[in-house]
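Here's the structure, in structure tokens; my notes come after.
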Amino acid sequence: MADPALDNLIIAAVAEVLETMFFTEILQVGGSHPSLPALGARVAFTGHNSGIVSIRISEAAARSLTASFLGESEESLSQTQVANLVCELANMLCGCIVSKMAAHGCFTLDSPELIDGSTQESTERPEIRQSFAIERGSLTVSLNE
Amino acid sequence: MKELVIGVGDGGVSRDADAMLITYALGSCVALMVHDPVARIAGMVHYMLPESPQSQPERDARPFKFADTAIPLLLRAALAQGADRNRLKVFAAGGAQIMNDNSIFNVGKRNCLALRKALWKFGLVAHAEDIGGTTVRTVRMEVGSGRVWLQSPAGERWELNARRKPVAASTEESSWR
Amino acid sequence: MALNILIVDDSPVMRTFLRKVVQLTGLAVGQFSEAGDGEAALNLLRERWMDLVLTDINMPRMNGEEFVRQLGLDNMLRDIPVIVVSTDASHDRIDRMIKLGARGYISKPFQPETLRDEVERILGVCNG
């Protein structure tokens, strides 16, 4: 089910999160899913409406984002920090997307959980999915309502 | 007042309190300026692009041309001259969106993001900035006072004011008097 | 006087980020403490004095809303300034947190200087 409004909302959320907290931007909207190795995380939300936001991101891109976020060099980062960052990125994107969906509704976000980044498809078919080319790789954001 | 001109893709630090650092016609380029009000040291860089090329010789030849090499270099130079990181006031100008003949990339915006990224690596953010938009800017910094002045091609001048008083600077001022 | 600051967030990378933002202020920080949820934060607060608390909302065990409510019920802790830093930007939530006693609210994503200014505003008021 294609909904251009929701698509644009995801694009706006990704742009906002990348620019304000990671000092980088979307290089291109669309494109392929993250190639392996990749990491994934998802956050469930309940409230005005309920659902799951999940992300998949190439490992190199995740590492580069972690370095920008923490202001550290990539070599000094641990795998745990990169995994933490992917969870936090999912959390921020989910928060940003649901606030844009309903500014007045109150949502509760579950804690983010890591998912297998190598599987391309989740079992449920996502209603909305958008991929982005970003520095050092790609990012896919899915929204299941 | 003596004028020390910083060229395009160049940078420098001065301790001459009677001098003024100046760089002309920033379009999508960004000028980053730092000032230590106690040591009275000022530094300025005029970089052109967000990222340095992979090739080492190219990067080494023009380190002030790229944000990711220019900003650390300027900060290290200022500290080497005796500036204190905690007293450092940081200013930025430029990064305008300039309509190039066929460029679809907004170099100005990318230069501004690269600025924030490189400063954050040093645990810094700009105290004041005049970035983006479509104006071409000429910028001057007085080495002695650290005051920053901008000028448009039409000759209009305005001062770049810190949105906030740095905590460290305000306490120093009061104990000074 | 150096200030003790408590950062409450279940994400370790976010705690590091917040610590870095506080360091932007140029305020003298005596000790940074960190907790991964509200319950751990309350335990820390009962052990040592804190001058400022930054807290997330969505956390396991005890969330930020319950944590701030508990602070308000404790005579020893109710005056410690709290800034909420959360992905939740809904007006309802912000209203509720402010009513519970939070002094500031920053929604993620935010630019580092936004939180820096908020910390300075709130500590300025407290010290002034």
Side-chain angles (χ1 to χ4, degrees), chain A residues 12-24 41 43-48 53 62-63 65-72 76-114, chain C residues 7-24 34-40 54-67 84-100 105-118:
Chain A
V14 171
E16 193 181 332
V17 168
L18 289 185
E19 287 175 24
T20 42
M21 302 206 72
F22 299 94
F23 322 116
T24 185
V43 178
F45 60 94
T46 45
H48 184 260
V53 169
R63 190 160 272 276
L65 288 185
T66 311
S68 301
F69 186 74
L70 297 175
E72 308 274 352
S76 69
L77 301 172
S78 68
Q79 285 293 27
T80 314
Q81 282 176 306
V82 179
N84 274 331
L85 191 280
V86 174
C87 287
E88 185 54 35
L89 177 63
N91 181 43
M92 282 193 266
L93 286 172
C94 180
C96 203
I97 289 166
V98 297
S99 328
K100 284 181 196 297
M101 276 173 9
H104 291 277
C106 211
F107 286 95
T108 302
L109 270 58
D110 283 0
S111 292
E113 35 174 344
L114 276 177
Chain C
I7 295 172
V8 192
D9 199 306
D10 54 338
S11 161
V13 286
M14 197 62 207
R15 295 200 297 264
T16 308
F17 184 89
L18 293 174
R19 184 193 284 236
K20 227 175 137 150
V21 173
V22 173
Q23 282 163 342
L24 285 176
E34 295 184 6
D37 61 77
E39 205 177 287
L54 302 182
T55 184
D56 186 16
I57 293 180
N58 294 305
M59 293 182 289
R61 284 177 290 280
M62 185 190 288
N63 71 17
E65 190 163 335
E66 184 55 27
F67 167 55
V84 178
V85 182
S86 169
T87 46
D88 190 339
S90 65
H91 303 308
D92 294 1
R93 179 77 85 175
I94 297 173
D95 282 352
R96 286 222 301 271
M97 294 306 292
I98 298 294
K99 280 200 187 100
L100 284 172
Y105 197 109
I106 301 285
S107 52
K108 291 188 252 181
F110 61 90
Q111 293 197 318
E113 50 267 53
T114 310
L115 177 57
R116 172 200 65 190
D117 292 351
E118 191 70 350

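In what follows, chains carry the letters A, B, and so on, assigned in the order in which the sequence lines appear, proteins first and then strands, with residues in each chain numbered from 1. All values derive from a computational prediction rather than experimental measurement.
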Practice item. Would you give the length of the straight line joining atom OG1 of T108(A) to atom CG of D88(C), rounded to the nearest 0.5 angstrom? Key: 7.5 Å

Review point. Closest approach of P112(C) and T20(A), non-hydrogen atoms and distance?
Key: CD-O, 4.3 Å

Exercise for review: Name the region of F69(A), side chain, backbone, both or neither, that has any atom closer than 4.5 Å to a heavy atom of chain C.
Suggested key: both

Point to revise | Spatial distance of atom CE (M21(A)) from atom CE (M14(C)) [nearest 0.5 Å] | key: 4.0 Å

**Study point:** Given L93(A), V43(A), L109(A), the one that forms side-chain contact (heavy atoms from CB on, under 4.5 Å) with T87(C)
**Key:** L109(A)

Study note, to complete from the structure: So CG of D56(C) and CD of E88(A): to nearest 0.5 Å the spacing works out to 7.0 Å

**Study point:** With E65(C) via salt bridge (charged side-chain N to carboxylate O under 4.0 Å, His left out) - residues at least two apart
**Key:** R69(C), R93(C), R96(C)

Check your understanding: Roughly how far, to the nearest 0.5 Å, is CD of E72(A) from OG1 of T16(C)?
Key -> 8.0 Å

Review point. Do C87(A) and S11(C) have side chains that get closer than 4.5 Å, going by heavy atoms?
Key: no

Practice item. Please name all residues satisfying salt bridge (charged side-chain N to carboxylate O under 4.0 Å, His left out) with E34(C), sequence neighbours left out, ordered by chain then number. Key: R15(C), R19(C)

Revision key, fill the gap. CD (E16(A)) and NZ (K108(C)) are apart, to the nearest 0.5 Å, by 13.5 Å

Check your understanding: Can you tell me how far the CG atom of N91(A) sits from the CG atom of D9(C), to the nearest 0.5 Å?
Key -> 8.0 Å

